[in-house]
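Presented below is the structure to which this report refers.
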Amino acid sequence: MMQKRIYLCLAHMSGKEQQFIQEAFDTNWVVPLGPNVNGFEDDLKRFVGQNKEVVALSAGTAAIHLALIACGVQAGDEVICQSFTFCASANPVAYVGATPVFVDSEKDSWNMDPALLEQAIVDRKAKTGKYPKAIIPVALYGMPYNIDAIMTIADKYGITVIEDAAEGFGSKWKGQVLGTFGEFGILSFNGNKMITTSGGGALICKDTETKNKIMWLATQAREAYSYYQHEAIGYNYRLSNICAGIGRGQMTIIDEHLAHHKHIAKMYADAFKDVPGISFHSNPSENHDSNYWLCTILLDEDLHVRGEDDTYKEAVHGAVGGAAGVVHSGGTIHTDCEPNRNVEAMRIQLDKAGIESRPLWKPMHKQPVFKGVPAYINGTAESLFKRGLCLPSGPMVTDEDVSYIIQNIKDNLIH
C-alpha cells in the first residue's frame, strides 16, 4: 500500500469554486477581468477593512513590482528589504533597476529589526546623500512585523512602507489586518497560501484613485482612444476571471482555514514545549496574531538526529519537496551558508516517512545573486536559517497527521 505523503501546505477547496468558474464559462468571461475579478476584489476589500481598495493581480510579486512603480522607485534608488524572506520580496526591486538594502531580523518575531532599520536609513543617507525610497517589511511565515515601530521610523524620514503580507493573509497586529498600515499591502494566493487562486495576488491600496492607477498599469497602460495609444510602460498583471472564481470560493472558508492553522500550531507548540533542544515559534506578544501559515521549529546545534553523519555527502538534483517547479542543478554539495547537519538530517528522515519539511528561507544577504549589495546584519537571520525547519501546516493536514509528524521528530532524536 502506498504511503500517504503529508505536504507543507496544500489548498483545500470549499466546493463553491466550481460554481463561480462555471459562471465564467457560461457567460464567456474567460479573460483577465470580469465579474469574478470584481467580486473577488470586493470580498478582499471587506476582509481587510480599514476603507482600503484592492486590485487582484497575477501574483504577489507583480503586486510588489507595481507598488514600487507607483511609489516612483527608479534606477539608482535604494529600497530597504527584509533579508530573512523569500526572493520575491526583493526581486522586484531589481526589476525597476533599484538596489535592495537588506536589514536583518529581530529575535522575537524573526522580522525586520526596527533599530537596525533606522541605523540603515541614517547610514544610507550619509553614504549616498539621499534616503531609501521605500521599506518592505515581511510577515515571515505569517508572523506580524512590529509595524508600529516601522511606521514611526518611516514617517520620521519620509519613506514609503510597502507591507509584504504575502505569507500573512489574515494575520493581525493589535487586531488590525496586515497590509493595511503602509501605503501599499501585498497579498499572495499561490497554491500553498492561506487561500489560493491557483496562482495570483493582490495589492491593497489607500484609495480609489490609487487603485485606478494600479489597474491601468496592470492592463498595459492604455490611453483613452479608440485605438491602442500608450504613453507609459504597462504590464499584463491582472488576475484571470477563472482564477478569481477559485478565489471567491476560497473566501467562503477563509475563517475555517485561519482557525485550522492556529489549531495545528497549538498542537505543535504543546508537543514540543517539554522537548529539550526543540523550540516552536509562537506569537511573541499579545500584539502579534499570526495566521501560522507555516509552523516552524528550531533545533539546537547540540541536538543530535539520526543520520546526521551521512548528510551533505552528495549534491541535490532536482526540486526538493512538493511541486517546487524547475530548478537549476548547481552541482556542488555545500554553499557558504546552509542548514546545520542535524536540521538536514531531520528533513531527510521526515522525507523518508512521507512528511514534507523544508529549511527556513535563506537570507537574501547570503544569496549569490545579491552579492555586494548593502546589508545591515546582526546575525539573527543566518542563525535562524541554520537551525530552522518548516513543518506541514495546511488545511489538508489532520490532527492524526500532526501526531504522526511529532512522533517521527521525537523518534529521530538521539538522546
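All values reported here derive from a predicted model rather than from experimental measurement. All values below come from the heavy atoms of this structure, side chains included, with hydrogens, waters and symmetry mates left out. Just so you know, residue 1 is the first one in the sequence shown, and it goes up from there.
Of all heavy-atom pairs between Ile254 and Met251, the closest is CG2-O, 3.3 Å. Closest of all the heavy-atom pairs between Val103 and Ala120 is CG2-CB, 3.9 Å. Looking at every heavy atom in both residues, Val37 comes nearest to Ala56 through CG1-CB, 4.2 Å. Annotation for Trp216 and Arg222: closest pair NE1-O, 3.0 Å, computed over non-hydrogen atoms. Looking at every heavy atom in both residues, Val402 comes nearest to Val397 through CG2-CG1, 3.8 Å. Taking all atoms of both residues into account, the shortest heavy-atom contact from Pro359 to Arg347 is CD-CD, 4.0 Å.
Listed by first then second residue, pairs satisfying salt bridge (charged side-chain N to carboxylate O under 4.0 Å, His left out) with a partner in residues 149-171 read Glu118-Lys156, not counting sequence neighbours. Sequence neighbours left out, the pairs with a member in residues 359-379 that pass salt bridge (charged side-chain N to carboxylate O under 4.0 Å, His left out) are Asp336-Lys366. Screening residues 368-394 for ring pair (Phe, Tyr, Trp, His ring centres under 6.0 Å) gives Phe102-Phe370 as the qualifying pairs, with residues at least two apart or on separate chains. Applying the salt bridge (charged side-chain N to carboxylate O under 4.0 Å, His left out) test to every pair with at least one member in residues 184-204, sequence neighbours left out, gives no pairs at all.
Taking 4.0 Å as the cut-off between side-chain N and carboxylate O, Lys213 and Glu53 do not count as a salt-bridged pair. One finds a salt bridge joining Glu382 and Lys386 here, because a Lys/Arg side-chain nitrogen approaches an Asp/Glu carboxylate oxygen to under 4.0 Å. A salt bridge is absent between Asp42 and Arg46; no separation between the charged side-chain nitrogens and carboxylate oxygens falls under 4.0 Å.
For Asp255, there are no side chain to side chain donor-acceptor pair (under 3.5 Å) partners, not counting sequence neighbours. Under the ring pair (Phe, Tyr, Trp, His ring centres under 6.0 Å) criterion, Phe189 pairs with Phe40, Phe169, not counting sequence neighbours. Not a single side chain to side chain contact (heavy atoms under 4.5 Å, CB included) links Ser226 to another residue, sequence neighbours left out. Residues satisfying the side chain to side chain donor-acceptor pair (under 3.5 Å) test with Ser285, not counting sequence neighbours, are His288. Applying the side chain to side chain contact (heavy atoms under 4.5 Å, CB included) test to Ile242 and every residue at least two apart in sequence or in another chain returns Ile21, Ala24, Phe25, Val30, Ser240. Lys107 pairs by the side chain to side chain donor-acceptor pair (under 3.5 Å) definition with nothing, not counting sequence neighbours. A search for ring pair (Phe, Tyr, Trp, His ring centres under 6.0 Å) contacts involving Tyr227 returns Tyr225, not counting sequence neighbours. The side chain to side chain donor-acceptor pair (under 3.5 Å) search around Glu223 returns none, not counting sequence neighbours.
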- [ ] Could you give me the CA-CA distance, side-chain angles and deciding distance for Asp351 and Arg5, then say whether salt bridge (charged side-chain N to carboxylate O under 4.0 Å, His left out) is met?
- [x] CA-CA 9 Å; Asp351 185 65; Arg5 185 158 180 82; 2.6 Å; yes

TODO: Take Phe280 and Phe272 through the ring pair (Phe, Tyr, Trp, His ring centres under 6.0 Å) test and state the conclusion after the steps.
DONE: CA-CA 7 Å; Phe280 179 80; Phe272 293 125; 7.4 Å; no

- [ ] Evaluate salt bridge (charged side-chain N to carboxylate O under 4.0 Å, His left out) for Glu41 paired with Arg238, printing each intermediate quantity in order.
- [x] CA-CA 12 Å; Glu41 289 175 341; Arg238 280 293 260 161; 2.6 Å; yes

TODO: Give the intermediate values and the outcome of side-chain contact (heavy atoms from CB on, under 4.5 Å) for residues Val138 and Met112.
DONE: CA-CA 7 Å; Val138 181; Met112 186 177 287; over 6 Å; no

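With a 4.5 Å cut-off on side-chain heavy atoms, Ile355 and Asn408 count as touching. At least one side-chain heavy atom of Leu8 sits under 4.5 Å from a side-chain heavy atom of Leu294. Between Pro339 and Tyr312 the shortest side-chain heavy-atom distance falls below 4.5 Å. With contacts defined as side-chain heavy-atom distances shorter than 4.5 Å, the pair Tyr268/Ile297 does not qualify. With contacts defined as side-chain heavy-atom distances shorter than 4.5 Å, the pair Pro395/Cys9 qualifies. Residues Lys206 and Lys211 form no side-chain contact, since every pair of their non-hydrogen atoms from C-beta on lies 4.5 Å or further apart. Contact check for Ile135 versus Tyr157: no side-chain heavy atoms found under the 4.5 Å cut-off.
Inspection of the His257 and Asn291 side chains reveals no N or O donor paired with an N or O acceptor under 3.5 Å. No side-chain N or O of Asn36 forms a donor-acceptor pair with one of Glu23 less than 3.5 Å apart. In the model, Arg341 has a side-chain atom that pairs as donor or acceptor with a side-chain atom of Thr311 under 3.5 Å. Using modelled atom types and a 3.5 Å distance limit, the side chains of Asn190 and Ser188 yield no donor-acceptor pair.
Here the straight-line distance linking atom NE2 of His365 with atom SG of Cys81 works out to 13.5 Å at 0.5 Å rounding. Residue Ile377 holds its CD1 atom at 7.0 Å from CG of Leu116, rounded to the nearest 0.5 Å. Separation of atoms CD1 (Ile64) and CD1 (Ile69) is listed at 12.0 Å; rounding is to 0.5 Å. A distance of 9.5 Å separates CE of Met346 from CG of Leu391, quoted to the nearest 0.5 Å. Separating the CD1 atom in Ile150 from the CD1 atom in Ile136 is a distance of 12.0 Å, to the nearest 0.5 Å. Here the CD atom belonging to Gln349 is positioned 4.5 Å from the CG atom belonging to Asn412, to the nearest 0.5 angstrom.
Ring to ring, Tyr141 and His281 are not that close: their centroids are 6.0 angstrom or more apart.
A side-chain donor-acceptor contact under 3.5 Å links Glu308 to the backbone of Val305. A donor-acceptor contact shorter than 3.5 Å links the side chain of Asn111 to the backbone of Pro144. Asn212 places no side-chain N or O within 3.5 Å of a backbone atom of Glu209 that could act as its donor or acceptor partner. Without hydrogens or angle criteria, Ser105 side chain to Thr380 main chain gives no donor-acceptor distance under 3.5 Å. A donor-acceptor pair is defined here as one N or O able to donate and one able to accept, closer than 3.5 Å; no such pair exists between the side chain of His65 and the backbone of Pro92. Without hydrogens or angle criteria, Asn378 side chain to Asp104 main chain gives no donor-acceptor distance under 3.5 Å. One N or O on the side chain of Ser393 and one on the backbone of Cys295 form a donor-acceptor pair closer than 3.5 Å. Side-chain atoms of Thr85 never come within 3.5 Å of backbone atoms of Gln82 as a donor-acceptor pair (strictly under, hydrogens ignored).
Applying the side-chain contact (heavy atoms from CB on, under 4.5 Å) test between Leu239 and each of Leu57, Ile246, Thr197 identifies Thr197 as the sole match.
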